[in-house]
Number of protein chains: 2
Amino acid sequence: MRETCRQDDLCPMVLAYKLLSGKWKIMILWFLSDRVLRYNEISKRMPDVTQKMLTKQLRSLEEDHLITRRVYPTVPPKVEYEITEIGRQIVPIMEMMHKFGAAYIDNFRDELSKHKNTTENPEICN
Amino acid sequence: MRETCRQDDLCPMVLAYKLLSGKWKIMILWFLSDRVLRYNEISKRMPDVTQKMLTKQLRSLEEDHLITRRVYPTVPPKVEYEITEIGRQIVPIMEMMHKFGAAYIDNFRDELSKHKNTTENPEICN
DNA sequence: CCGTATCCCAGTGGATACTG
DNA sequence: CAGTATCCACTGGGATACGG
């Protein structure tokens, strides 16, 4: 594993980190891992994200080929977002992160005030 | 898995993301997963991090119980950093991230200019 | 050796209003 | 419905110098 880092000037692990960097990206990917969603459906699931930010993160994910954006030229407009093949490979990582986070909470239930309101709507994962 | 999100106002997955948020944190954790390291040894492995940032990220990781900091009151001073039990549970996540990153590179070798110089020293993972 | 102290900048993220 | 357009605040990250 460690050898692959020498291939070029970019560490795969750090690249993966960068691809997921963005306050709402993993949530978006999480929801899209379930099924194709329209803009509004994502928005409803994430009430705390402003339209601007949601659009921005969606475009960034699209640019990185983790999701696709399909526009139906209808009136009113309809836009569907779908996770890609490569994007779907992130799901197990998110699952491990979820598992780790749960274990972490078990250990440090008391001192999580720092991270409270990590999300104001806990239903996001449901 | 999804049910655990209802326990409190904090999604474990997002918490995990927050714990790892910080430009150099996964690299630090990666190096420490190998063995205990002194401040200077970490610094040598990550030439691009300023002392201030390295200290900051180390303190943050310590505050989050992912690493420990042991100070030897000698002259000159000696400080050792060690990954914790819970911190070690992140290693498989980092390994999956590495694996994903490698697969990603295989697919999009061409258009990675955006992420080039993700690290200026590719040896970081070695 | 292992840090602090200042100062600084860019980019991320947000509030609010508007539109094809 | 699915976005843009402005304007703004914050903070993560950095350069440089100094200190116990």
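The chains referred to below are lettered A, B, ... by the order of the sequence lines, with proteins before strands, and numbering in each begins at 1.
Distance from the side chain of B:N40 is smallest for C:dC2 among the nucleotides C:dG14, D:dG13, C:dC2. In the set D:dC1, C:dG13, D:dG13, C:dG13 carries the atom at the smallest distance from any side-chain atom of A:K52.
Nucleic acid contact class of B:K78 (heavy atoms, under 4.0 Å, all strands): sugar-phosphate only. Here A:Y81 lies in heavy-atom contact (under 4.0 Å) with sugar-phosphate atoms only. Here B:Q57 lies in heavy-atom contact (under 4.0 Å) with sugar-phosphate atoms only.
For B:R38, a side-chain nitrogen or oxygen approaches OP1 or OP2 of C:dC2 to under 4.0 Å. The shortest distance between the side-chain N/O atoms of B:R59 and the OP1/OP2 oxygens of C:dT4 is below 4.0 Å. Checking the phosphate oxygens (OP1, OP2) of C:dC2, no side-chain nitrogen or oxygen of B:R69 falls inside 4.0 Å. For A:K23, a side-chain nitrogen or oxygen approaches OP1 or OP2 of C:dG14 to under 4.0 Å.
Looking at B:K78, B:R38, B:E80 one by one, the single match for side chain to side chain donor-acceptor pair (under 3.5 Å) with B:Y72 turns out to be B:E80.
The residue among B:E41 and A:K56 whose nearest nucleotide of DNA chain C is located toward the 5' end is B:E41. Nucleotides of DNA chain D nearest to B:T50 and A:Q51 differ in position, and the one nearer the 5' end is that of A:Q51. Ranked by how close their nearest DNA chain C nucleotide is to the 5' end, A:P77 and A:S21 are led by A:S21.
Residue B:M53 contributes atom CE, which lies 18 Å from atom P of C:dT6 at whole-angstrom precision.
Between B:L20 and B:L29 the shortest side-chain heavy-atom distance falls below 4.5 Å.
Ring geometry for B:Y81 against B:Y39 counts as tilted: the plane angle lies between 30° and 60°, on a 0 to 90° scale.
The pair B:R35-B:E41 meets the salt-bridge criterion, with a side-chain N (NZ, NE, NH1 or NH2) lying under 4.0 Å from an Asp/Glu carboxylate O.
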